[in-house]
Asks: 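Take a look at this one; I'll ask things after.
So you know, we letter chains A, B, ... as the sequences are listed, proteins then strands, and number each from 1. Worth knowing before you read on, the calculation uses all heavy atoms, side chains too, and leaves out hydrogens, waters and symmetry mates. Everything quoted here is computed from the prediction, not taken from an experiment.
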Amino acid sequence: MVIVKNLVKKYGSVVASNHLNCRFETGKVTVILGGSGSGKSTLLRQVTGLEKPDSGEVLFDGLDLTRATREQLYEKRKKMGMLFQGAALFNYLTIFENIAFPLREHTQIADNVIKTIVTMKLEMVGLRGTEDLMPSQLSGGMMKRVGLARAIVMDPKIIFYDEPTSGLDPISTGVIDKLIRDLNRKLNITSVVVSHDIESCFRIADRIIILYYGDIIAEGTVEEIRNSTDPRVIQFINGNPEGPIPFTRTDKNYLDEILS
Amino acid sequence: MGFSINTKEENGIALVFVQGEIDMFTSPNLRDTLLPFFKPSTPGVVVDLSQVSFMDSSGIATLVEGLQWSKKENRKFVLTGLGETVFNALSLTKLDKVFTIEPDADAALAAMKQ
């Protein structure tokens, strides 16, 4: 269980997290939805201890990660898996070594066992046979799946997915969605998914949080979000170009700016 | 529940009883226990997992070594007493159909006599 309490993060005048309160329950898939710039990834970085908030708490197994020492964070991160938006693979390592890296770094497991674990993880993401390739030889979608294999190689108790299905073809999206659900259901893993893929979100989520400019504007089950009467939620889940959520990021009048 | 392993032999068949959680930090102990049995003269190995509350990928990968040995030497390698958590871990890695699984050690020994 991860509990976020009154989290605040500002970049200059931009409020990325505006006194956020939420929780990611054990064994559940929580999806954080929101448009670009809504503060999803910022929240994820703070929850994983990659970035310090201006104020507030992030409690993971009782420890406040915002005040944890480097050693405490290091220990907690062994229980966390993270799939980064761009997969974040090591370009100079083969696919096998990329996935094996956390095992070599954090455990004393024998090479033979590591080989089997990597094979199992590659099978899960449908990429067995790519062991000897370099990341530059893979498509973006394949790199993302390798990133996922690496994220789960240590069998974490909680996995954070930053846009797990963006840039993937429909079959790969389905595979990743099923994998997130299976890991969750069969191993009781806590999953936190940052996404703006509505269909994928509705397939995998136990709980949905919708962010809008650093605020939580809706929170609930898939059904509750589907039935929301909040015009911002309706616009977002239907992808309507017109509505209370503006497409432009500035309040300045377009004509005023172009004619000035 | 602390991690522990006990072994005994019955008609040359090795019986390995594991207790506790098999994870990245305890699986090397399990491997150290199992490896000496993986020789051509051992007729079979039974690993009882009925007291195992959790098993991660490193535990499964360690058991896969037993499977590799049994195929190579044409011997029996049998798992017994799988609880739901352990079985789920196996099924997630699609290995639940690969291992020989029996309900308990007695059933495993009986199967080996066939």
Side-chain angles (χ1 to χ4, degrees), chain A residues 26-27 74-81 96 99-128 131 148-159 175-189 191, chain B residues 3 5 16 18 20-39 45 47 49 52-73 77 79 82-99 101:
Chain A
T26 304
Y74 194 73
E75 277 306 307
K76 288 295 179 195
R77 285 207 185 113
K78 287 182 188 172
K79 297 179 183 175
M80 297 179 187
F96 179 92
I99 299 169
F101 186 83
L103 295 171
R104 297 202 195 286
E105 190 76 0
H106 297 295
T107 74
Q108 304 295 317
I109 292 174
D111 281 351
N112 201 23
V113 177
I114 288 178
K115 183 173 180 297
T116 303
I117 295 174
V118 172
T119 304
M120 291 190 306
K121 302 302 175 182
L122 278 173
E123 170 67 16
M124 280 184 180
V125 299
L127 285 177
R128 243 176 346 100
E131 290 86 344
L148 179 53
R150 189 177 63 186
I152 61 177
V153 78
M154 291 276 289
D155 292 331
K157 288 187 172 175
I158 180 165
I159 307 181
V175 168
I176 298 294
D177 283 349
K178 183 175 184 304
L179 188 57
I180 292 172
R181 287 302 312 172
D182 281 354
L183 285 168
N184 191 256
R185 198 171 53 246
K186 292 187 174 176
L187 299 181
N188 204 34
I189 284 173
S191 303
Chain B
F3 183 78
I5 306 174
V16 180
V18 191
E21 296 191 352
I22 309 176
D23 60 19
M24 302 273 167
F25 305 99
T26 57
S27 64
N29 295 349
L30 175 61
R31 186 171 189 260
D32 290 344
T33 304
L34 287 173
L35 281 184
F37 294 121
F38 298 157
K39 53 192 180 189
V45 175
V47 182
L49 300 167
V52 171
S53 51
F54 170 81
M55 182 167 68
D56 72 3
S57 303
S58 69
I60 297 170
T62 302
L63 296 176
V64 165
E65 283 193 285
L67 208 54
Q68 291 165 343
W69 161 79
S70 70
K71 299 287 179 205
K72 186 180 163 206
E73 302 292 345
F77 184 77
L79 306 181
L82 275 68
E84 190 184 354
T85 308
V86 173
F87 185 79
N88 280 343
L90 277 182
S91 68
L92 193 63
T93 50
K94 301 178 187 169
L95 293 174
D96 51 316
K97 303 278 194 298
V98 182
F99 285 100
I101 299 172

Asks: Is there any salt bridge (Lys or Arg N to Asp or Glu O under 4.0 Å) pair reaching into residues 23-35 of chain B, and which pairs are they, with sequence neighbours excluded?
Replies: R31(B)-E65(B)

Asks: Which one of I114(A), L179(A), I117(A) has the most heavy-atom pairs closer than 4.5 Å to chain B?
Replies: I117(A)

Asks: Against chain A, label Q68(B) side chain, backbone, both or neither, depending on which of its atoms sit under 4.5 Å from a heavy atom there.
Replies: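 Contact with chain A is through the side chain of Q68(B) alone.
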
Asks: Mind checking what makes side-chain contact (heavy atoms from CB on, under 4.5 Å) contact with R128(A), not counting sequence neighbours?
Replies: T119(A), L122(A), E123(A), E131(A)

Asks: Test M120(A) against L95(B) for side chain to side chain contact (heavy atoms under 4.5 Å, CB included), laying out the working first.
Replies: CA-CA 9 Å; M120(A) 291 190 306; L95(B) 293 174; 3.7 Å; yes

Asks: Could you walk me through whether F54(B) and V86(B) satisfy the side chain to side chain contact (heavy atoms under 4.5 Å, CB included) test, starting with their C-alpha distance in whole Å, then the side-chain angles of each, then the deciding distance to 0.1 Å, before giving a yes or no?
Replies: CA-CA 6 Å; F54(B) 170 81; V86(B) 173; over 6 Å; no

Asks: Check for me whether the distance between the ring centres of H106(A) and F101(A) falls short of 6.0 Å.
Replies: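 Centroid distance H106(A)-F101(A): not below 6.0 Å, so no.
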
Asks: Taking only residues at least two apart or on different chains, which pairs with a member in residues 105-119 of chain A satisfy salt bridge (Lys or Arg N to Asp or Glu O under 4.0 Å)?
Replies: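 Pairs touching residues 105-119 of chain A that pass the test: R104(A)-D111(A).
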
Asks: For residues 148-157 of chain A, give me every residue with a non-hydrogen atom less than 4.5 Å from any non-hydrogen atom of chain B.
Replies: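 Within residues 148-157 of chain A, the residues that come under 4.5 Å of chain B (heavy atoms only) are V153(A), M154(A), D155(A).
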
Asks: Rounded to the nearest 0.5 Å, what separation is found between the OG1 atom of T62(B) and the CG atom of L30(B)?
Replies: 5.5 Å

